[in-house]
Amino acid sequence: MIGITSALWLQQAGRKVIVIDPNPPGTGASHGNAGCFNGSSVVPMSMPGMWTSVPRWMLDPLGPLSIRLAYMPTLFPWLWRFLRAGRREEVKKQAAALRALLGPTLPYLKQIARGAHIDDLICEQGHLYVYRSEKSLAGDRFGWQLRGDAGVHLDWLDQRQLQDFDPALSASYTQGVLIRENGHTPDPGGLVMRLAEYFVRQGGVLHQAKATGFRLDGGRLQSIETDNGIVQADSAVIAGGAHSNTLLKMLGDWVPLETERGYHVMISDPESQPRVPTCDASGKFVTTPMNNGLRLAGTVELAGLEFAPDWKRARALVKLGQKMLPGLPACVAEERLVFWMGHRPSLPDSLPVIDRSSRCPDIVYAFGHGHVGMTGAPMTGHLVADLILGRTPKIDIAPFRFTRF
Ligand SMILES: Cc1cc2nc3c(=O)[nH]c(=O)nc-3n(C[C@H](O)[C@H](O)[C@H](O)COP(=O)(O)OP(=O)(O)OC[C@H]3O[C@@H](n4cnc5c(N)ncnc54)[C@H](O)[C@@H]3O)c2cc1C
């Protein structure tokens, strides 16, 4: 999503653009996410006092977090930075930076996609967060304060109002927050594909290859090496999601990029669906009505890029969904379930990198959007184009500099 939106903004500015990717558009993390365009998601992952919840989450087999013990030594430096990023004053700065990046997602997406015929893939009906107790809502108070301070309008719903809004939800939810400004796509992978087709119709080129290096001359980019030939280019954008560090290292740069692996399960022909994407705030999972069924997405698994998926984590989402939507049957036939795992590209402070390479001003980095890459993509693409075209960036990009690490 980040690569394609960057390509579209550059194309609209009159640049001839080639997208290099060994895989078809919209098949990375951008394929299986919850599809939410949540400009309100200004709350970073690392929050003050969060570490006190970690043991409880990890001991719960349905819990939102798991860490592979074998991966712990590799992970430790990132985890340390992650915990430090959760200091109150840091979090407030991160929230302000996130709001600037995420807030304009829908108008920017529509602008970039004018002519792409994706109206059927953008729904603007809001999002719902639901809680089962005053206590769990109180635990998130700082997060709601951050959203309010960022100018997000929040509609607080009590148990009766929740049931009126969406009778499909379990009556065990006693509080909810409706955020009307948010939207979603009922087919994230399809949306990226449709944007890519539009890019090609307008003269863009998809070059199926893996980028393997850069040829520089006097500090300026001459071409990109791939496993399928050399591509001449005077500018480049590294938008390789969780895999971006490999390319950065070739340019002598590095950032503490990890992957927060996430899972989804799709239930085809669901007996029950939420009215809008609905997040169980304590369980930290989202149910989204999609074109081809009901998607239950979430969980964070810290286990790097190489370990095999742990499908128990995706299966756990089915149980959580059944608790949220009592209309789902207690037993869903196996052939109606499809499981997926994807790699969120995550930096410890929940902010992406949008910056120039230190070695070559013609190369721009755009990755690390963690939990909000679909939402952050339209503005990120614009910022990428600003950097490449030498325009003043639309928003302050200082919080996204890679040198912050
Ligand atoms: C379970 C889950 C739920 C989520 N829900 C949401 C949500 O509701 N809303 C939201 O905003 N975000 C959500 N996210 C996050 C979002 O999906 C990601 O932040 C986003 O998709 C990242 O986009 P990307 O383009 O950076 O990476 P990707 O989509 O992973 O794309 C990276 C691309 O780079 C290519 N690539 C890698 N290396 C190379 C190379 N050397 N040469 C060429 N190409 C290369 C890959 O093939 C891939 O196509 C969710 C993520 C998960 C896992």
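Note that ligands are numbered from 1 as they come in the structure, with each ligand's atoms numbered from 1 the same way.
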### Task
Start with the C-alpha distance between Lys312 and Glu301, add both sets of side-chain angles, then the distance that settles salt bridge (charged side-chain N to carboxylate O under 4.0 Å, His left out), and finish with yes or no.
CA-CA 11 Å; Lys312 286 200 294 292; Glu301 183 186 46; over 6 Å; no
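- Each of the following atoms of ligand 1 lies closer than 4.0 Å to a heavy atom of Gly28: 29 (O), 30 (O).
- A donor atom on one side chain and an acceptor atom on the other are found under 3.5 Å apart for Tyr131 and Asp140.
- The side chain to side chain contact (heavy atoms under 4.5 Å, CB included) test with Val265 is passed by exactly one of Val318, Val332, Leu320, Leu294: Val318.
- Residue contacts with ligand 1, taken as heavy atom pairs separated by less than 4.0 Å, do not involve Thr27 at all.
- Annotation for Trp51: atom CH2 does not count as buried by contact number, only 12 or fewer foreign heavy atoms lying within 6.0 Å.
- Residue Tyr173 forms a side chain to side chain contact (heavy atoms under 4.5 Å, CB included) with just one option from Gln163, Lys323, Met324, and that option is Met324.
- Shortest contact from atom 41 (N) of ligand 1 to any protein heavy atom: Ala211 O, 3.1 Å.
- If you check which protein heavy atom lies closest to atom 5 (N) of ligand 1, you get Ala34 N, 3.0 Å.
- Checked by distance only, ligand 1 and Gly262 stay at 3.5 Å or farther apart across all their nitrogen or oxygen atoms.
- Looking only at distances, a side-chain donor or acceptor of Asp227 sits under 3.5 Å from a matching main-chain atom of Lys210.
- The protein heavy-atom contact nearest to atom 45 (C) of ligand 1 is Pro22 CD, 3.9 Å.
- Close approach of ligand 1 to Met1 (heavy-atom distance below 4.0 Å) involves ligand atoms 25 (O).
- For atom 16 (C) of ligand 1, the candidate residues are Ala366, Gly373, Gly240; the nearest heavy-atom contact is made by Gly373.
- If you number the atoms of ligand 1 from 1 as listed, the ones under 4.0 Å from a heavy atom of Gly241 come out as 26 (O), 27 (O), 32 (C).
- Interface of Gly370 with ligand 1, defined as ligand atoms under 4.0 Å from a residue heavy atom, comprises 15 (C), 16 (C), 18 (C), 19 (O).
- Taking distance alone, with nitrogen or oxygen atoms compared against 3.5 Å, Lys210 stays at or beyond that limit from ligand 1.
- Salt-bridge check for Glu90 with Lys93: passed, with a basic side-chain N closer than 4.0 Å to an acidic carboxylate O.
- Arg147 forms a cation-pi arrangement with Trp144, by the criterion of a distance under 6.0 Å to the ring centre and an angle within 45° of the ring axis.
- Checked by distance only, ligand 1 and Glu260 stay at 3.5 Å or farther apart across all their nitrogen or oxygen atoms.
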### Query
Can Arg132 and Asp280 be said to form a salt bridge (charged side-chain N to carboxylate O under 4.0 Å, His left out), step by step?
CA-CA 9 Å; Arg132 286 198 168 89; Asp280 181 306; 3.2 Å; yes
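- For the pair His264 and ligand 1, no heavy-atom separation below 4.0 Å is found.
- Within the 4.0 Å heavy-atom criterion, the part of His371 lying near ligand 1 is the backbone and not the side chain.
- Looking at Asp21 next to ligand 1, an N or O pair under 3.5 Å apart turns up.
- Salt bridge Asp355/Arg404: absent, no basic N to carboxylate O contact under 4.0 Å.
- Contacts of Tyr263 with ligand 1, taken as heavy-atom pairs under 4.0 Å, involve the backbone alone.
- Counting heavy atoms closer than 4.0 Å to ligand 1, residue Ala239 contributes backbone atoms (N, CA, C, O) but none from C-beta onward.
- Atom 50 (C) of ligand 1 has as its closest protein heavy atom Asn33 CB, 3.2 Å.
- Side-chain polar atoms of Ser41 and His371 form no donor-acceptor pair below 3.5 angstrom.
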### Task
Begin with the C-alpha distance, continue with both residues' side-chain angles, and end with the deciding distance and a verdict on salt bridge (charged side-chain N to carboxylate O under 4.0 Å, His left out) for Glu89 and Lys92.
CA-CA 5 Å; Glu89 288 315 306; Lys92 284 185 184 170; 3.7 Å; yes
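- At the top of the distance list for atom 24 (P) of ligand 1, counting protein heavy atoms only, stands Ile2 CG1, 3.7 Å.
- When only non-hydrogen protein atoms are considered, atom 53 (C) of ligand 1 lies nearest to Arg344 CG, 3.5 Å.
- From the protein, the heavy atom lying nearest to atom 9 (N) of ligand 1 is Cys36 O, 2.8 Å.
- Ring centroid separation for the pair Trp254 and Phe405 does not come in under the 6.0 Å cut-off.
- Of all the atoms in ligand 1, the ones that sit under 4.0 Å from a non-hydrogen atom of Ile20 are 43 (C), 44 (N).
- Between Pro24 and ligand 1, a contact under 3.5 Å exists for no N or O pair.
- The pair Glu258-Arg81 does not count as a salt bridge, with every side-chain nitrogen at least 4.0 angstrom from each carboxylate oxygen.
- In the vicinity of Leu247, heavy-atom distances shorter than 4.0 Å reach the ligand 1 atoms 41 (N).
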### salt bridge (charged side-chain N to carboxylate O under 4.0 Å, His left out) evaluation trace for Asp269 with Arg336
CA-CA 8 Å; Asp269 303 319; Arg336 289 175 56 201; 5.5 Å; no
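- In His243, the part holding a heavy atom less than 4.0 Å from any atom of ligand 1 is the side chain.
- The single protein non-hydrogen atom nearest to atom 23 (O) of ligand 1 is Ser30 OG, 3.3 Å, given as residue, atom name and distance.
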